[in-house]
Amino acid sequence: MGPHPAVAAIRLAVRRVLHDILSAHTQPPTGEQPLVLVACSGGADSMALASALAFEAPKLGIRAGGITVDHGLQPGSDSRAEDVVLRLTALGLRPVESVAVHVGRTGGPEAAARDARYAALDAAAERHGAAGVLLGHTRDDQAETVLLGLARGSGIRSLSGMAAVSGAAGRYRRPFLQLDRQTARKACLVQHLPVWDDPHNTDPAYTRSRLRHEGLPALEKALGKGVVEALARTAQLSRDDADALDTWAQQAAASVRDTAGLLECAKLYALPPAVRRRILRRAAIEAGAPAGALFARHIEEVDRLITGWRGQGEINLPGKVVAQRQGGRLVIRQG
């Protein structure tokens, strides 16, 4: 008798990702087996992922390890992190470690925690020479991310949600983006895996929590079942479109500059708005504007120097960058 359907589904998803990592991995001269880490909070999604990695990795000649990040945002978080280490070790993962981080305030509590977490995961991957880091984001997480992007009005790239592969050299992999949250929880249940439910996930003080427990259920009540699946499809379609527009903008960028490398307003004006704004955003980032602080409203203001020129002055952008129209040229520089 085979494994429970939920267990089979998560193992298949992990197996496919491990094959992809192997195909992209360059074997070191020492012949050492590649290492794949799982980022595990102790919740159902990441515990199901850790279990599947522990089962599938040895069959493919891959070492499996784990890391849990202690954000220090709740009493007893260090004890819970130690408990996760014990659970991962019991699954047979090696190496396993807990990393404590300091969560700042930039961008709000959720964004600050995310930034601290990924910085810790990046450092762990470098420290251990990991070929990949698996993340337990599900289709439900993807749907929530799309809705959050829609609410911010951030454009098609924001609607594309989370990528299946992201990070430096494709470090981060998300095997569960096509699986729902209940599948992961069921897999833990039938395997008798203990899970920890983070109280922040039900705390209405957090935007994603309100969306998960109030927003999405309201949408499903109004529109019927299938909203989560439709939003996940929207993410993939939006990602395909955004990737195509990014490529177009990258190819067009050189053609809108003069011999001195300055952006020519007339040539920019002739481009479709979606392509032109991508070029402007890239130019602002290259001038020193932090990507995370550069919002659509900033780019729209710069765009008006081209499409709605009325002799206005320079535009101030994050990172002490200014944009100014000078004699038919757009100059974006440090102020």
Side-chain angles (χ1 to χ4, degrees), residues 5-21 38-41 43-50 52-53 110-111 114 117-118 132-167 170-188 195 197-198 200-202 206-246 274 296:
V7 176
I10 65 168
R11 287 178 178 175
L12 176 60
V14 168
R15 190 184 315 140
R16 287 172 172 166
V17 167
L18 293 180
H19 276 294
D20 289 344
I21 292 175
V38 58
C40 185
S41 67
D45 302 340
S46 57
M47 282 302 298
L49 182 58
L53 176 64
E110 292 166 277
R114 183 176 60 248
R117 180 167 59 254
Y118 277 102
V133 179
L134 305 190
L135 305 175
H137 297 119
T138 64
R139 186 170 62 191
D140 301 79
D141 296 310
Q142 185 74 298
E144 293 161 8
T145 302
V146 172
L147 281 177
L148 288 170
L150 184 63
R152 286 193 297 265
S154 302
I156 195 171
R157 177 55 72 187
S158 184
L159 294 184
S160 65
M162 295 175 286
V165 181
S166 65
R171 168 176 291 157
Y172 294 110
R173 307 285 179 136
R174 298 177 174 86
F176 290 175
L177 287 183
Q178 302 303 318
L179 299 176
D180 62 31
R181 192 173 286 140
Q182 285 304 313
T183 297
R185 186 166 289 276
K186 185 66 174 178
C188 289
V195 300
D197 291 316
D198 187 346
H200 281 175
N201 291 335
T202 56
Y206 294 93
T207 304
R208 186 178 285 269
S209 175
R210 295 196 301 273
L211 180 60
R212 179 175 301 177
H213 298 287
E214 300 173 25
L216 270 173
L219 280 176
E220 291 204 329
K221 183 178 180 180
L223 303 175
K225 295 293 183 181
V227 170
V228 168
E229 292 88 341
L231 288 168
R233 283 197 304 274
T234 296
Q236 185 55 59
L237 293 171
S238 298
R239 182 166 296 280
D240 292 343
D241 290 349
D243 288 345
L245 287 168
D246 285 348

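- Side chains of S166 and R173: a donor-acceptor N/O pair is absent below 3.5 angstrom, by distance only.
- The two residues T183 and A9 have their closest heavy-atom pair at CG2-CB, 4.3 Å.
- For R181, the salt bridge (Lys or Arg N to Asp or Glu O under 4.0 Å) partners two or more places apart in sequence, or in a different chain, are D141, E144.
- Note that CG of D241 and CD of Q236 are 10.0 Å apart. Values are rounded to the nearest 0.5 Å.
- Between the CG atom of L135 and the CZ atom of R117 there is a distance of 9.0 Å, given to the nearest 0.5 Å.
- F176 CZ to D45 CG: the interatomic distance, rounded to the nearest 0.5 Å, is 7.5 Å.
- The OG atom of S41 sits 9.5 Å away from atom CG of D197, with the distance rounded to the nearest 0.5 Å.
- H137 contributes atom NE2, which lies 5.5 Å from atom CZ of R174 (distance to the nearest 0.5 angstrom).
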Evaluate side chain to side chain contact (heavy atoms under 4.5 Å, CB included) for L18 paired with L53, printing each intermediate quantity in order.
CA-CA 9 Å; L18 293 180; L53 176 64; 3.9 Å; yes
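- The salt bridge (Lys or Arg N to Asp or Glu O under 4.0 Å) test applied to D180 returns R139, not counting sequence neighbours.
- For the pair L147 and L219, the minimum side-chain heavy-atom distance is below 4.5 Å.
- Closest approach of V38 to S46, counting heavy atoms only: CG2-O, 4.3 Å.
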Would I21 and L134 count as a side chain to side chain contact (heavy atoms under 4.5 Å, CB included) if you check the C-alpha gap in whole Å, the side-chain angles of each, and the deciding distance to 0.1 Å?
CA-CA 11 Å; I21 292 175; L134 305 190; 4.2 Å; yes
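- Nearest approach of G161 to T145, heavy atoms of both residues: CA-CG2, 3.8 Å.
- Across all non-hydrogen atoms, the minimal contact from G136 to L49 is N-CD2, 3.5 Å.
- Contact detail for A48 and C188: the closest heavy-atom pair is N-SG, 3.6 Å.
- What you find for A13 and P175 is that their closest heavy atoms are CB-O, 3.5 Å.
- Atom CG of residue L179 and atom CG of residue D140 lie 10.0 Å apart, to the nearest 0.5 angstrom.
- Between L216 and L231, some side-chain heavy-atom pair lies under the 4.5 Å cut-off.
- Looking at residues two or more places apart in sequence or on another chain, you find a salt bridge (Lys or Arg N to Asp or Glu O under 4.0 Å) between D246 and R157, R278.
- Side-chain atoms of L159 and L150, non-hydrogen and from C-beta on, do get closer than 4.5 Å to each other.
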